[in-house]
Number of protein chains: 2
Amino acid sequence: MAIERRALREQVRDELLTRMRTGAVTPGEGINEVQLAAEIGVSRTPLREALIALETEGQIESESGKGFRFAALSAREFEELAPVISALEGLAIELSPPAKMQKLAARLAKLAAEFDSEVAAHSMIMTRDDEWHGVMLSACPNQRLLSLIATVRQSFHRYESLLVPNEAVMGRVAAEHAAIARCLEDGDIPGAKDALQANWVNGAKRILMQASSTYLTA
Amino acid sequence: MAIERRALREQVRDELLTRMRTGAVTPGEGINEVQLAAEIGVSRTPLREALIALETEGQIESESGKGFRFAALSAREFEELAPVISALEGLAIELSPPAKMQKLAARLAKLAAEFDSEVAAHSMIMTRDDEWHGVMLSACPNQRLLSLIATVRQSFHRYESLLVPNEAVMGRVAAEHAAIARCLEDGDIPGAKDALQANWVNGAKRILMQASSTYLTA
DNA sequence: GCTTGCGGTTTTGTATTCAGTATTCCTAGT
DNA sequence: ACTAGGAATACTGAATACAAAACCGCAAGC
């Protein structure tokens, strides 16, 4: 086993992300650095470093002198994220070698089918969704694009986790995966892109309608 | 005038960016924190915070224990950036209200024309290019998208600044601006997107061919 | 009654210190 | 001569300390 030594700031970053996704913190909430650092069990320095990293990713906001706060959730941003993700993932598919893509299609279809049957807990859905997209993107050679996608997906997942009922996510994910896999098996890249876009955008709309708007600010 | 008070880390970040763009540092070069901090005139803390922010933007790399280094320039990444930018900016155009877009078209055409005639220094070209794109994107309501574009453009500009002869940039920019403005005046969004994409991708290729590869690693 | 100025307190922003790790350079052994 | 080992050095990563700015409450004045 390759022993791994991760910087503290990375671990803190992950901890913060899970807290944000599990609802352990309320969106928009201000951050008291000493208190939070104590809670996590590190000093302020690595905490601040994690906060700064998350800030440039758009997950945390800050104001000079006022400190950091967890980014507020807004219906507006949620709707903004959908087209961005679909455009980026569509591009990723387009840039992937068609041959490789077609090979992946079978695996994707299988994963999509398994998905349906499985009674999945909320967190499990996310994990599976991430896994599926990981496979789909695994043929894309554009590293920079992949890293961007990862960032944006993080933001989106936060919304899904917090304000979306399980069944809705299930619905979006299942339909999306199946449709895309079908297109990819046929080598129909434009079709896959359309499916992606339709699912993301419509999915976001649908989700917003039934969202328990406890968290949303606007 | 609204008095502005920016955090030190922000100012350091800008300073680092200009150093990277003006070639004051060589790509891939390791960073000595104490030395660089002294040079800039701040302590290590805000410097590190700036470095971390730039790292999540992809402009700086780090390895645990080894510290930070300025991101190396690779032909590969340069080629990777082009399709990402064009996809994002294309999406931005698509999401902008057509009416507003058409209003902007005239201004864009005028700016593009001025551009040609002006004997522009290297830095001036960049400034004008930024300005032009700023106008083009000013009708896009998707904040998240705009912020992503800004980040990616930063990375791209670094390549252009360092390894591209003036005339080549001029060529790309002039052709791109004129073509896009024309399409937008006609309300031809798909055409504008195509023009964008063609210019970015071909431009990148052309630039790479004639690039003084002093800086490039691969 | 509402505003406004002041003192104290809390919290952030930055500097400094400490500890742990990588690197370098020298020495000793083959 | 060349390599392995180890001490010395330098630098990063994290913790702590300090300074400055923002918040809170209260009281005085309009």
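Each chain gets a letter, A, B and so on, in the order the sequences are listed, and its residues count up from 1.
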Once you round it to whole Å, what is the distance between [atom2] of [N] and [atom1] of [X]?
X: B/Glu10; N: C/dT14; atom1: CD; atom2: C1'; result: 15 Å
X: B/Arg44; N: C/dT16; atom1: CZ; atom2: C1'; result: 10 Å
X: A/Leu8; N: C/dC18; atom1: CG; atom2: P; result: 20 Å
X: B/Leu51; N: D/dA14; atom1: CG; atom2: P; result: 14 Å
X: A/Gln11; N: D/dG13; atom1: CD; atom2: P; result: 14 Å
X: A/Leu36; N: D/dA15; atom1: CG; atom2: C1'; result: 16 Å
X: B/Leu47; N: C/dA15; atom1: CG; atom2: C1'; result: 13 Å
X: A/Arg69; N: C/dT12; atom1: CZ; atom2: P; result: 13 Å

Practice task
May I ask you to evaluate whether B/Lys66 reaches the phosphate of C/dT23, defined as a side-chain N or O under 4.0 Å from OP1 or OP2?
Solution key: yes
| Looking only at side-chain N and O atoms, does A/Arg48 come under 4.0 Å of OP1 or OP2 in C/dG13? | yes
Using a strict threshold of under 4.0 Å (side-chain N to carboxylate O), is an ion pair present between [Y] and [X]?
X: A/Glu80; Y: B/Arg144; value: no
X: A/Lys66; Y: A/Glu61; value: no
X: A/Asp129; Y: A/Arg153; value: yes
X: A/Glu55; Y: A/Arg48; value: no

What nucleotide among [options] has an atom nearest to a side-chain atom of [X]?
X: A/Asn32; options: C/dT23, C/dT12, C/dT14; answer: C/dT12
X: A/Val42; options: C/dT17, C/dA15, D/dA15; answer: D/dA15
X: B/Glu33; options: D/dT12, D/dA15, C/dT12; answer: D/dT12

Have a look at B/Ile31 and say if it touches a base, only the backbone sugar-phosphate, or nothing, with a 4.0 Å heavy-atom cut-off.
sugar-phosphate
When we call it a touch if two heavy atoms are under 4.0 Å apart, what does A/Glu63 touch: a base, just sugar-phosphate, or nothing?
sugar-phosphate
Open item on the list: If you apply the rule side-chain hydrogen bond (donor to acceptor under 3.5 Å, both in side chains), what do you find for B/Glu29 with B/Thr26, and how did you get there?
Closed with: CA-CA 6 Å; B/Glu29 169 185 343; B/Thr26 63; 3.0 Å; yes
Base D/dA14 to side chain A/Ser43, donor-acceptor N/O within 3.5 Å cut-off = no
The residue, A/Ser64 or A/Gly41, whose nearest nucleotide of DNA chain D is more 5′ is A/Gly41
